[in-house]
Amino acid sequence: MEEIINNETPERNLNFIEEIIEDDLASGKHDSIITRFPPEPNGYLHIGHAKSICLNFGLALKYGGYTNLRFDDTNPVKEDVEYVDSIKEDIKWLGFEWANELYASDYFEQLYEWAIFLIKKGLAYVDDQTQEEIRETRGTISTPGVNSPWRNRSVEENLRLFEEMREGKYAEGDKVLRAKIDMAHPNMLMRDPLMYRIIHASHHRTGDQWCIYPMYDYAHGQCDSIERITHSICTLEFDVHRPLYDWFIENLEIFPSRQYEFARLNLTYTVMSKRKLLELVNNNFVEGWDDPRMPTICGLRRRGYTPESIRLFAEKVGVAKRDNVIDLSLLEWCLRDDLNRRSNRYMAVINPVKLVIDNWEEGKVEYFEAPMNPEYPNGPKRRIAFSKEMYIESEDFMEEAPKRYHRLKPDGEVRLKYSYIVKCVDYIKNEAGEVVEIHCTYDPTSKPGAGPWRSVKGTIHWVSVTHSEKITVNLFDKLFTEEQMGSIPEGKDYREYLNPDSLVVKEAFAEPDLLKDDSGIAVQFERIGYFKEDSKNGGYNKATGLRDSFKL
Ligand code: ATP
Ligand code: MG
């Protein structure tokens, strides 16, 4: 696993944001804390967002404050209500409640008035330069930018032009409103950044009321301030935006929200940007945003992930100050940790081969008891039918087995889990040389609970042919073949690394009780992994296998 830098101080055992909060509370800077989660409704939430949700909501819960859900809907072109609904569903599913559902667009009028305030202070101006001219005159890191010829317009002219921009007198790109800061500022973002641009598009909430829209940098901090957000937590790439965040708040003389940055979550074997995930959906590389292979919250949910496992993951990942890539196997570890404790067990055979018990009477059926979850041996039980013909996994039989192979082999013994020990006496192969039927005898004295326990080295799972149900299983693997999708070579497209074998569909046989399971969470197929019934197409989605090299 990649290094996890969680910056916990040993004395206080706090992450760096908790330290800041505790200091702020101790010094009386704040009486309570208010955080926000600010998604842009232009896609579905992914596991990276889940990290941010757990952090923001978790901090407010820990320190007795609250969290707002604020949709950052300042760009009418890419946004949609479909996304708003899914975002709300996902946050609730993760187990969090927001205090207020808010929209940046609710503040458009206030933001407009504040822009006028800055114009009046001589701190904002209307610029007629084209986008290209603005870009070309920004300078570079080593050379200063060039002042716009429109930079010294009078306050009156700026007020008139900005009002006309709002009234729709101009076409897109004709004019923008810029903050008047310093075209030679060492931080490029401070070189007269854009505050408003003209977009003639309908907004999903404000309709055609506006044709000027605030830029992220002008909107975000002011929205935080209106809501009196005490700690505005965002990802590391926004650290260069912080001076601008502070500049607006200071010059507008409004509530001093403060921005803090932590490392964004990256995961091996997947991509995490909404743009790329949208491309996967639009090009039908996956079934949709909720395809169980997607790193989206709805995909993970459909796959069989639980809210508990995702919250545990967010906690284990910690709050880092430097970018890192977290091993996908940590996420899987968290799921197993949760499901091991909570999931019901069933036996299912995915690659069946028939096993016939020669010394078992035709038609005779015996029932064995097994715990629903061995973590609770005295908890609920299930009954499993044992008969003359069974299915076992073809991998659990080997014709020419190495010495250390403890499953079934010619003349070898194995216990059929929860029931008798059987011994292989013969096997039949087809023309292709595959084993198609195994013959065994059972040892009647090996019945669990009847007489002394006889142990053999191997125990395998099984189902009775006449007492099993045919099911479909969706066996998922990693979506991409490359571990570090964030550092694929220049010129290569991430789509070239899609794993062609990320989904294999098979038929399997399972204990009939599986079909009646109403636990609502994934179940364990013993010795195989955790499976969740697919909410859309039926069949069972493999959430994760039972073990991995990953150790905590
Ligand atoms: P993407 O780049 O995937 O489109 P985004 O940052 O544009 O994501 P937003 O809707 O703007 O998505 O994000 C909402 C919140 O979630 C922001 O506060 C953002 O910092 C946080 N966030 C987004 N991606 C991650 C991530 N990978 N790890 C942690 N937090 C994230
Ligand atoms: Mg964004």
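Here, residue 1 is the first one in the sequence, and each next residue gets the next number. Because only heavy atoms are used, hydrogens play no part in the values below, and waters and symmetry mates are left out as well, while side chains stay in. Remember, it's 1-based here, ligands and their atoms both numbered in the order they're listed.
Checking each of R151, R138, K180 against D192 for a salt bridge (charged side-chain N to carboxylate O under 4.0 Å, His left out) leaves exactly one that passes, namely R151.
Here's the thing with R36: none of its N/O atoms is less than 3.5 angstrom from an N/O atom of ligand 1. Checking only distances, E40 does come within under 3.5 Å of ligand 1, N or O to N or O. At least one N or O atom of G48, backbone or side chain, sits closer than 3.5 Å to an N or O atom of ligand 1. For ligand 1, the polar-atom distance check against K274 finds a nitrogen or oxygen pair separated by under 3.5 Å. Below 3.5 Å of separation, one finds no N or O of R275 facing any N or O of ligand 1.
Counting heavy atoms closer than 4.0 Å to ligand 1, residue F238 contributes nothing at all.
The heavy atom nearest to atom 19 (C) of ligand 1, considering only L45, L55, T235, I87, is found in T235.
Checked against the 6.0 Å centroid threshold, Y103 and F71 count as a close aromatic pair. The ring of Y245 has its center no closer than 6.0 angstrom to the ring center of F238. Taking the six-membered ring for Trp, F162 and Y112 have ring centres closer than 6.0 Å.
Every atom of ligand 1 with a heavy atom of S52 under 4.0 Å away is listed here by number and element: 16 (O), 21 (C), 30 (N).
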